[in-house]
Structure formats: structure tokens, C-alpha cells
Asks: 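Here it is, the structure in full.
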Amino acid sequence: MIRTVADVAKMIDHSLLRPELTDDDVRAGCDLAARYDVASVCVKPCDVQSAAERLTGSGVAIGTVVGFPHGSSSSRIKAAEAHAAVNDGAGELDMVLNIGRLRAGEDEAVLADIRAVVESAPGIVVKVIFENAYLTDDEKIRACRLSEQAGATYVKTSTGFASGGATPADIRLMRAHVSDRVKVKAAGGVRTLDVLLKLNEAGATRFGATATAAILDELAARLA
């Protein structure tokens with residue numbers, strides 16, 4: 001149950017993935033993440049090392065993306081990306097599965113792709129991004145099963161760069177098709193407190209957001 005601003009803050013991955021962000025933008029985003037004590041920042045791979053240095057001792061984890069945003073890199077490259085990110089200081093990885101392979105019914109290839117990242121980053125939180133805007137419910141269910149089988153920590157709705165993002169219906173579907181060991185992350189369109197609360201009620205416990213300050217300030221105002 002959400003009781004405090006801190007409860008919600010520790011559910012948010014503050015997203016710093018837009019391609020136009022400068023070094024100054026990333027530094028400011030990291031400072032905001034530390035100020036609000038969120039779960040993590042999710043930065044571009046090129047920013048992992050500097051974010052890790054800036055947030056040392058803050059309690060905010062460093063996350064980055066793998067195979068982003070289309071999921072079409074080879075498994076070998078995704079594994080190398082993951083390994084490099086961990087060496088640079090990342091503790092969480094949000095990887096995009098191979099969307100075309102999933103839609104084609106090539107489940108073994110999708111499983112191997114996810115497993116390559118998980119095995120290249122032992123002990124690291126791995127979140128598998130489905131990009132639900134492109135998938136049928138059956139494909140989402142298969143993605144849930146394959147992600148869990150590969151050892152992922154989270155299943156995640158979206159990159160935030162497709163035509164649609166997280167919906168309560170998708171969160172409920174994903175929550176129903178993974179075990180309690182696997183958590184659900186909502187991303188794409190999580191711009192207000194009310195949206196976050198609806199998605200949390202549906203079963204999501206982590207949220208990718210750029211509107212972190214607005215969400216948490218709104219909650220603080222309501223609680224006051």
C-alpha cells in the first residue's frame with residue numbers, strides 16, 4: 001500500500017533517455033533523482049559511467065538500456081552492451097526483446113536473446129521490454145513466459161518511443177502471466193500521479209517516468 005511520497009519515489013526509474021539530452025541535462029536529472037530519492041535513473045549507455053560517479057552513495061541505482069529502442073541488435077551485441085554497462089557501473093538493465101522474432105513465433109530465438117543478456121550480467125536486475133503497442137495479447141503472454149524462463153527480474157510494457165505505452169489492461173495481463181518472482185514495470189505515458197496509481201493498482205510496482213518531480217510533488221500536496 002502506498003502511504004508516503006517515499007513509497008512512490010522508490011517505485012520510479014527517472015528516465016534520461018531522450019536523444020537530445022546534453023551532459024548538463026543528464027547531470028541535472030541525476031541531481032533530481034538524488035533529491036527525490038527515486039529507485040533509479042535510467043540513462044543512455046554513454047552516460048552510465050558519469051551517472052554512477054555522480055550518484056555514488058546516494059541510494060539511487062544506475063540503470064541503462066540494451067538493444068534500445070527497437071530490440072533488433074544481435075544477441076551477441078546485446079550481451080556485449082550489457083557487460084560493458086555493468087563494468088561502467090550499471091546495476092539495472094532494461095533490454096528490448098527481439099520484437100520481430102516474437103511476432104514470427106520464433107520463441108527459442110527470443111528466449112536465447114533474453115538469456116544472453118541475463119547471463120552476461122549475473123546478479124544484475126534485468127527488465128525485459130516488450131513494446132506492447134506492436135503485440136497481440138497472445139504475444140504478450142508468450143513474452144511473459146519467455147522472460148521468466150530466461151531469468152529476467154521484470155517484464156516491462158514499453159520503451160516510451162512507440163505509438164502507445166502502459167495501460168492497466170496490459171499490466172493486469174502481464175501480472176497474471178508471470179510468477180510472484182517476476183515484477184512488472186510500466187513505462188510510456190506515465191506522466192501524472194493518477195496514471196501511476198491506476199497502473200500500480202493493476203499490478204505494476206516500478207514505473208519509468210520523466211515527470212518524476214511533478215508526480216511526487218502532486219502526491220506530497222495531496223497528502224498534506
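Because the structure is predicted, anything quoted here is derived from the model rather than measured.
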Asks: Just wondering, do Met11 and Lys185 contact through their side chains at under 4.5 Å, heavy atoms?
Replies: no
Asks: Answer yes or no: is there an ion pair linking Arg222 with Asp194, defined by an N-O contact shorter than 4.0 Å?
Replies: yes
Asks: Is atom CZ of Arg76 surrounded by more than 12 heavy atoms (other residues, nucleotides or ligands) closer than 6.0 Å?
Replies: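 Not buried by this count: 12 neighbours or fewer within 6.0 Å.
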Asks: Which atom pair, heavy atoms only, marks the closest approach of Ala209 to Ile215?
Replies: CB-CD1, 4.2 Å
Asks: Determine, step by step, whether His83 and Asn87 satisfy the side-chain contact (heavy atoms from CB on, under 4.5 Å) criterion, reporting the C-alpha distance in whole Å, the side-chain angles of both residues, the deciding distance to 0.1 Å, and the verdict.
Replies: CA-CA 6 Å; His83 183 73; Asn87 282 347; 3.3 Å; yes
Asks: Which pair of non-hydrogen atoms, one from Ala51 and one from Cys30, has the smallest distance, and what is that distance?
Replies: CB-SG, 3.8 Å
Asks: Measuring from Thr64:OG1 to Asp88:CG, what's the distance to the nearest 0.5 Å?
Replies: 9.0 Å
Asks: Nearest 0.5 Å please: distance from the CE atom of Met95 over to the CD1 atom of Ile129.
Replies: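 Going from CE on Met95 over to CD1 on Ile129, the span is 8.5 Å.
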Asks: Can you tell me which residue among Thr210, Thr157, Leu199 is in a side-chain contact (heavy atoms from CB on, under 4.5 Å) with Val190?
Replies: Leu199
Asks: Tyr36 and Leu219: same hydrophobic cluster, using ILVMFWY side-chain contacts below 4.5 Å?
Replies: yes
Asks: For Thr22 and Asp25, which I'm curious about, is there any donor-acceptor pair between the side chains at under 3.5 Å?
Replies: yes
Asks: CG of Leu102 to CZ of Phe130: how many Å apart, nearest 0.5 Å?
Replies: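 So the gap between those two atoms works out to 8.0 Å.
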Asks: Let me know which of Val65, Asp47, Leu16, Ile12 forms a side-chain contact (heavy atoms from CB on, under 4.5 Å) with Cys42.
Replies: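 Result for side-chain contact (heavy atoms from CB on, under 4.5 Å) with Cys42: Val65.
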Asks: For the backbone of Lys156 and the side chain of Arg206, can you confirm whether one donor and one acceptor N or O come within less than 3.5 Å of each other?
Replies: no
Asks: Does a side-chain N-to-carboxylate-O contact under 4.0 Å join Glu131 and Lys140?
Replies: no
Asks: Taking the basic N atoms (NZ, or NE/NH1/NH2) and the acidic carboxylate oxygens, is any pair closer than 4.0 Å for Asp107 and Arg145?
Replies: yes
Asks: Between Val128 and Leu146, is there a side-chain heavy-atom distance shorter than 4.5 Å?
Replies: no
Asks: With no hydrogens and no angle check, just 3.5 Å: does a side-chain donor-acceptor pair link Thr192 and Glu218?
Replies: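 No, no side-chain donor-acceptor pair sits under 3.5 Å.
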Asks: Is any side-chain heavy atom of Ile62 closer than 4.5 Å to a side-chain heavy atom of Val48?
Replies: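 They are in contact (side-chain heavy atoms under 4.5 Å apart), so the answer is yes.
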Asks: Determine whether more than 12 heavy atoms belonging to other residues, nucleotides or ligands lie under 6.0 Å from atom CZ of Arg175.
Replies: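 Yes, CZ of Arg175 has more than 12 neighbouring heavy atoms, counting only those of other groups under 6.0 Å.
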Asks: In plain terms, say whether Asp31 and Arg54 are close enough for a salt bridge, that is, a side-chain N and a carboxylate O under 4.0 Å apart.
Replies: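 Arg54 and Asp31: salt-bridged.
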Asks: Answer yes if Phe207 and Val125 sit in the same cluster of Ile, Leu, Val, Met, Phe, Trp and Tyr residues linked by side chain heavy atoms under 4.5 Å apart, and no otherwise.
Replies: no
Asks: Determine whether more than 12 heavy atoms belonging to other residues, nucleotides or ligands lie under 6.0 Å from atom CD of Glu106.
Replies: yes
Asks: Provide the closest heavy-atom pair for Ser120 versus Ala79 in the form atom of the first, atom of the second, distance.
Replies: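 In this case the closest contact between Ser120 and Ala79 is OG-O, 3.4 Å.
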Asks: For Asp13 and Ser40, does a side-chain donor sit closer than 3.5 Å to a side-chain acceptor?
Replies: yes
Asks: Assigning hydrophobic clusters by single linkage (Ile, Leu, Val, Met, Phe, Trp, Tyr; side-chain heavy-atom cutoff under 4.5 Å), is Leu173 placed with Leu135?
Replies: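 Looking at the clustering, Leu135 is in a separate group from Leu173.
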Asks: Does Asp113 pair with Arg101 as a salt bridge, N-O distance under 4.0 Å?
Replies: no
Asks: Are side-chain heavy atoms of Thr153 and Val182 found at a separation under 4.5 Å?
Replies: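 No; the side chains remain at least 4.5 Å from each other.
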Asks: What distance do Ser163 atom OG and Tyr134 atom OH have between them, rounded to the nearest 0.5 Å?
Replies: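 Here the interatomic distance stands at 5.5 Å.
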Asks: Looking only at non-hydrogen atoms, find the nearest pair between Arg181 and Ala152 and report the distance.
Replies: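 Closest approach of Arg181 to Ala152: NH1-O, 3.2 Å.
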Asks: If you count the non-hydrogen atoms of other residues, nucleotides and ligands that lie under 6.0 Å from NZ in Lys198, is the total more than 12?
Replies: no
Asks: Ignoring hydrogens and angles, tell me if any N or O in the side chain of Lys78 forms a donor-acceptor pair with the backbone of Val96 under 3.5 Å.
Replies: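 It does hold such a pair.
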Asks: Under a 4.5 Å cut-off applied to non-hydrogen side-chain atoms, are His14 and Leu32 in contact?
Replies: yes
Asks: Going hydrophobic residue to hydrophobic residue with side-chain gaps under 4.5 angstrom, can you get from Leu97 over to Ile141?
Replies: no
Asks: So, does Ser158 use its side chain to make a donor-acceptor pair with the main chain of Gly188 at under 3.5 Å?
Replies: no
Asks: Indicate yes or no: at least one non-hydrogen side-chain atom of Arg18 is less than 4.5 angstrom from one of Lys44.
Replies: no
Asks: Out of curiosity, does Val117 fall in the hydrophobic cluster containing Leu111 (side-chain heavy atoms, cut-off under 4.5 Å, transitive links)?
Replies: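 In one cluster: yes.
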Asks: What do you reckon, is CZ of Arg103 surrounded by more than 12 foreign heavy atoms closer than 6.0 Å?
Replies: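 Counting other residues, nucleotides and ligands, CZ of Arg103 stays at 12 neighbours or fewer.
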Asks: Can you check whether Glu148 reaches Ser179 side chain to side chain, under 4.5 Å on heavy atoms?
Replies: yes
Asks: Rounded to the nearest 0.5 Å, how far does CD1 of Ile171 lie from CG of Asn200?
Replies: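 Taking CG in Asn200 and CD1 in Ile171, the distance rounds to 10.0 Å.
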Asks: Under a 4.5 Å cut-off applied to non-hydrogen side-chain atoms, are Glu81 and Leu93 in contact?
Replies: no
Asks: Quick one: does Asp217's side chain have a donor or acceptor within less than 3.5 Å of a partner on Ala214's backbone?
Replies: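 Side chain of Asp217 to backbone of Ala214, a donor-acceptor pair under 3.5 Å: no, none is there.
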Asks: Report yes or no: does Ser58 contribute a side-chain atom to a donor-acceptor pair with the main-chain N or O of Val60 at less than 3.5 Å?
Replies: yes
Asks: Kindly give the heavy-atom pair with the smallest separation between Ala121 and Val86, and that separation in Å.
Replies: CB-CG2, 3.9 Å
Asks: Hey, could you give me the NZ/OH distance between Lys183 and Tyr154, rounded to the nearest 0.5 Å?
Replies: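 Rounded to the nearest 0.5 Å, the NZ-OH separation comes out at 4.0 Å.
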